[in-house]
Each structure stands twice: as C-alpha cells, then as structure tokens.
Student: 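Supplied in structure tokens, the structure appears directly below.
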Amino acid sequence: MSEVIKARSSWAEPYKMKMVELLKTTTKAHRLKAIQKAGYNTFLLPSEDVYIDLLTDSGTNAMSDRQWSAFMLGDEAYAGSKSYFRLEAAIQKFYGYKYIIPTHQGRGAENILSQVMIKPGQIIPGNMYFTTTRVHQELAGGKFYDIIIEEAHDPNNLHPFKGNIDIQKLDELVKKNGAEKIAYISLASNVNMAGGQPFSMENLKQLHQYTRKHNIQIIHDMTRVAENAYFIQQREPGYRKKSIRQIVKEICSLTDGATMSAKKDALVNIGGFMATNDYKVYEEARNLVVVYEGLHTYGGLAGRDMEAIAVGIEESLDDQHQKARIGQVHYLGNKIKSAGIPIVQPIGGHGVFIDAKSFLPHLPQDLFPAQSLAAELYIESGIRTMERGIVSAGRRPNGENYYPNLELVRLTIPRRVYTQAHMDVIAESVSAVFQRRSRIKGLKMIYEPKYLRFFQATFEKIK
Ligand code: P71
C-alpha cells in the first residue's frame, strides 16, 4: 500500500470501471402491476422490472478484467482439463484443503457431501440453518440442530461474533446422543441467516479442540469465508496485523472439509466445489459427483468457469477489496440506522438486514411482515430485496411451520457492482416506506411449493 493511501482516512473502491450496464427505471403504476403479477414474491419478478437489484449477492458480482481474460484460457476438455488443475492448485494454495471436487454451485456440493457423510438418523449440529444446506441434510436422512450462541437470535445484540457456536449446547447434544450419532459439525463462516455475522478464531479453536477429543469432523460452509476473515482482522485481539489471506488459511486449517458457493466471495457468476482432507470421503464423493454433476474434473462447470473461480479466489483475499466491499455495506447500514430504522446489529458482511418485526410491529408473523416489506420496497422505488423470515424458514419434516425469531428483509449488496450514490438512493427509499409503515397490511399465502417454498410461493394482499 502506498504511503499516501495509508495516511488518508477516506477510502475508495480499489478498481475503476471499464464497462457498464445501463439501468432502467419504471413508474409506480408499472411496479404495482408487476409485483401483483409476481404474487408479491420478489423471486418471481422479471429482472427487467427491477431498478437496483439487492435480491442476492450470489452470482451477481462483477468480474474483473483478469477474470474475463482467464475465461479465454478455459480448457474445455471433458477429462483432465488444465483449468481443473488450476482451480485445484488455487484451492490448495489459498484454502489448504487436500482434495477438491468442482460442482455447478454450492448446493451441488451440499448434496454430494450430505449423501456421503450423513447416515439416516444422524444429527448435524450447526451455527444456524441455511435453506439449501438443511434441505440436503434432511434429504440424506439427517436432522439439523441449531447450536449458534443465543445472541445471534437477537437483532439488537451487539456481540461482535454472533456466528459463534455454543460449545455447551454441542456438548449437551454429544452427551445425550453419543458422538457416533453426530454426522459432522456444519460450520458456516459469516452466517447468512444471522445477518452476515462472523465467528471468532477463538471460538473455532475451541470447537476444533472439542471435536478432536470426540472424533467429529468440522465441515465448513466457506461461502463467505473472506468476509468472516475481515471481521476477525478488525475485531479480534492479535489479528490486526494479519492479512485476510493468512486468516482464511488459518480458518480452513482448523476444519476438515468444506462446501463452497463460489458465486459469493469468489466473485464469479456460477460455480462451487466441495473439499475434504479425508481421502475416504473424497473417494466416495468423486464417485457420486458423476451421477449428479459431471466428471470429477469439471463437476458441471465449463473450463472457463473454473479459471474465473481460481482468479476470483485470489482477488477475494485482497485486504483492500474486503475493506471497500464491507465498507460499502456498512455505509448503507449506518445511513439506514441513523434514519431510526431497525436493522440487525452489528451490521454484517454481505448486506443490511431490516428487522421487519420492529419495522411493522402491528403485523403478526402469520401475515408475513418481511415478505410484505420486501414487496413494499419494490413498489416504492423498484429496489428488489429478499425475505428472510417465516417464509424462508419453511416447515419441519412433520409439516409444522418453523417460527424463526428473526423476521428479516435482506438488502444484499453484490460485489463491485453498485456505487455509493446507489446506496444513498436505497437508504432514501427505505425511509420513504418507513414513513408510511402503519398502512402496510400484510399478506396471505395462496400457493406453497413443497421444497424451499420462498422461491415460488405466491401471496395476496390483505385488504
Ligand atoms: C443467497 C444464496 C443464494 C440463495 C440460496 C437459497 C435461497 C435464496 C438464495 C446460497 C448459499 C449460502 C450459503 C451460506 C450455501 C448456499 C448455496 N446463498 N451456503 O444468500 O449463502 O449456494 O446458491 O450456490 O447453490 O442469496 P448456491
């Protein structure tokens, strides 16, 4: 870093723009019709009708010129592609896992890993559920147990590491069921459903120690590991002088395997992988991947995709990149918070999560406050967000609704895509809806699909 940059307190994106995509604005009348047609589900809106798209940070990132040129080097051989070996080398170098299997995206890796590592009737304790992760655990005959610290369920609690595992809760599960009943620990970095909240290295070290004693593997959902590493660098004693690269490597070294959606941290539009240090797990997974994804040297990806992931992994570990990425999210979060709007605190890594229960205190959870708020934000200004509450939580295997404590609307920020001025417009739009919040009446679900209902469910406005 140059001396000039070091001395300044202001900071800027460590890149400039070489190509842009034009945005389209729409009228309120158009949006009212569009959201009604979409059954008040932002997943069902055509992107053409969206102005600023904060649905997800998944696959929506801007690739660098280095990634685009790597595309041209993609080796599209069916077997033994050079691009596979480049991806393998990047994962071994930056993350340190021994064996890797590419997959088309994160859930492809979750499917294979769950089938290989879970025996029917086994338990998978983890730091808060993720939708696709849990569904694959359940389809493999397992049962997920949430063992995240209690603070994570409270949007106002300021704990700096709300992604931490409660080792006491884990110990109780192990004592009650026996360690053999635990398939593995499902440990996510920068926990998505908690609001993009990190675990601390201290907590991971304790978990590591505990699992060595009981012979239990830790499987790391490393989808946002670099963002977690940034928080460790900023908040944890002893890590201020360590680089994100070093911290990420240390996190991975304390776990036994991983699943990854490369569509987030790794700055690509599609791709993922599974990794393990256990040859037996690798051998079985390598066999299973040919059933679901493709040969184990491409796993559903084009050679060019594997090239772009390899470059994206390296770019994601740059300290300046993370400072600007998370800095942008925090800029937006602080603006929304200072307008008096309730959000999950501390502000997380990949988005700002509005607490819909406090935003719409007059709506019971059965009237879908977060789903309603996401629809209203779209109507207000064409901004598309995502419900992360009772609709996302779905039903237990016995059919009962889960009633999650957190009823959130996620304003997810794609990486390297929007500017600070866009953040200002977003904050202003959220404030406009906040002014008229008492007139929002809630929704009724009229269609509910069996799996991951939030993607395709439709709703009607309550009159
Ligand atoms: C996100 C997504 C994409 C998504 C998935 C499900 C519902 C809505 C949106 C995907 C993740 C993730 C974590 C921690 C695994 C996956 C699956 N997140 N773990 O946040 O966040 O990866 O999408 O590549 O299959 O919008 P995949």
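Remember, it's 1-based here, ligands and their atoms both numbered in the order they're listed.
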Student: For atom 27 (P) of ligand 1, state which one of Q105, H104, M260 supplies the nearest heavy atom.
Tutor: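 Considering heavy atoms of Q105, H104, M260, the nearest to atom 27 (P) of ligand 1 sits in Q105.
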Student: Taking distance alone, with N or O pairs closer than 3.5 Å, would you say G271 contacts ligand 1?
Tutor: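 No: no nitrogen or oxygen of G271 is under 3.5 Å from one in ligand 1.
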Student: Looking at CG of D355 and CG of L406, how far apart are the two atoms once the value is rounded to the nearest 0.5 Å?
Tutor: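 Those atoms lie 8.0 Å apart.
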Student: Can you tell me the protein heavy atom closest to atom 15 (C) of ligand 1 and the distance?
Tutor: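 Going by distance alone, atom 15 (C) of ligand 1 is nearest to E110 OE2, 3.1 Å.
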Student: Only pairs at least two apart or in different chains count here, so list each salt bridge (Lys or Arg N to Asp or Glu O under 4.0 Å) that has a residue in residues 289-302.
Tutor: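 Listed once each, the pairs would be none.
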Student: What atoms in ligand 1 come closer than 4.0 Å to a heavy atom of T56?
Tutor: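 That gives atoms 1 (C), 26 (O) of ligand 1.
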Student: With only distance considered, is R107 within less than 3.5 Å of ligand 1 through an N or O on each side?
Tutor: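 Yes: some nitrogen or oxygen of R107 is under 3.5 Å from one in ligand 1.
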Student: Using the ring-ring contact (aromatic ring centres under 6.0 Å, His included) definition, which of the options Y78, F273, F85, Y84 pairs with Y298?
Tutor: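 Looking at Y78, F273, F85, Y84, the match for Y298 under the ring-ring contact (aromatic ring centres under 6.0 Å, His included) is Y78.
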Student: Mark up the atoms of ligand 1 that fall under 4.0 Å of a heavy atom belonging to G106, in ascending order.
Tutor: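 Selected atoms, number and element: 22 (O), 24 (O), 25 (O), 27 (P).
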Student: Compute the minimum heavy-atom distance from H350 to ligand 1 and say whether it is under 4.0 Å.
Tutor: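 Outside the 4.0 Å threshold, so no.
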Student: Give me the nearest non-hydrogen protein atom to atom 9 (C) of ligand 1 as residue plus atom name, then the distance to 0.1 Å.
Tutor: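 Here the nearest protein heavy atom works out to M386 CE, 3.8 Å.
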Student: By number and element, which atoms of ligand 1 are closer than 4.0 Å to a non-hydrogen atom of T132?
Tutor: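 Every atom of ligand 1 under 4.0 Å from some heavy atom of T132: 6 (C), 15 (C), 16 (C), 17 (C).
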Student: Going by an N to O cut-off under 4.0 Å, is there a salt bridge joining R396 and E138?
Tutor: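 A salt bridge is absent here (no side-chain N lies under 4.0 Å from a carboxylate O).
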Student: Is there side-chain contact between Q322 and Q233, with heavy atoms separated by less than 4.5 Å?
Tutor: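 Of all side-chain heavy-atom pairs linking Q233 with Q322, none is under 4.5 Å.
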Student: Under a 4.0 Å heavy-atom limit, does K264 contact ligand 1 with its side chain, its backbone, both, or neither?
Tutor: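 It is the side chain that touches ligand 1; the backbone stays farther off.
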Student: Report the part of R410 (side chain from C-beta onward, or backbone N, CA, C, O) that has a heavy atom under 4.0 Å from ligand 1; answer both or neither where that applies.
Tutor: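 The answer is the side chain.
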Student: For ligand 1, which atoms, with element, lie under 4.0 Å from some heavy atom of T131?
Tutor: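 Every atom of ligand 1 under 4.0 Å from some heavy atom of T131: 6 (C), 7 (C).
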Student: Classify the ring geometry between Y95 and Y97 as parallel (under 30°), tilted (30 to 60°) or perpendicular (over 60°).
Tutor: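 Tilted.
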Student: Below 4.0 angstrom from a heavy atom of T223, which ligand 1 atoms are there? Numbered from 1 as shown, please.
Tutor: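 Listed by number with element: 13 (C), 19 (N).
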Student: Just to be sure I'm reading this right: ignoring hydrogens, which of V191, D221, T133 gets closest to atom 13 (C) of ligand 1? Compare them by their nearest heavy atoms.
Tutor: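 Ranked by closest heavy atom to atom 13 (C) of ligand 1, first place is D221.
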Student: Establish, from distance only, whether the side-chain atoms of N192 and R388 form a donor-acceptor pair under 3.5 Å.
Tutor: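 Judged by distance alone, the side chains do not pair up.
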Student: Taking the side chain as C-beta and beyond, is there a heavy-atom pair between Q197 and M128 under 4.5 Å?
Tutor: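 No, every pair of side-chain atoms sits at 4.5 Å or beyond.
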Student: Determine whether the side chains of T42 and R384 contain a donor N or O and an acceptor N or O closer than 3.5 Å.
Tutor: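 Per modelled atom types, T42 and R384 side chains form no pair under 3.5 Å.
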Student: Considering the heavy atoms of K263, write down every atom of ligand 1 situated less than 4.0 Å from one of them.
Tutor: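 Those atoms are 24 (O).
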Student: Which residue owns the protein heavy atom closest to atom 24 (O) of ligand 1, what's the atom, and how far is it?
Tutor: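 Among all protein heavy atoms, the one nearest atom 24 (O) of ligand 1 is S261 OG, 2.6 Å.
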Student: Please table the atom pairs, donor to acceptor, closer than 3.5 Å between any side-chain atom in residues 281-291 and protein atoms at least two apart or in another chain.
Tutor:
none

Student: Could you tell me whether some N/O pair between N192 and ligand 1 is separated by less than 3.5 angstrom?
Tutor: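 Looking only at distances, the answer is yes, because the N/O contact criterion of under 3.5 Å is met.
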Student: Compare F454, Y129, F130 and give the one whose heavy atom is closest to atom 7 (C) of ligand 1.
Tutor: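 Nearest option to atom 7 (C) of ligand 1, by heavy atoms: F454.
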Student: Are the side chains of P125 and I185 in touch, meaning some heavy atoms are under 4.5 Å apart?
Tutor: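 Touching, per the 4.5 Å side-chain cut-off.
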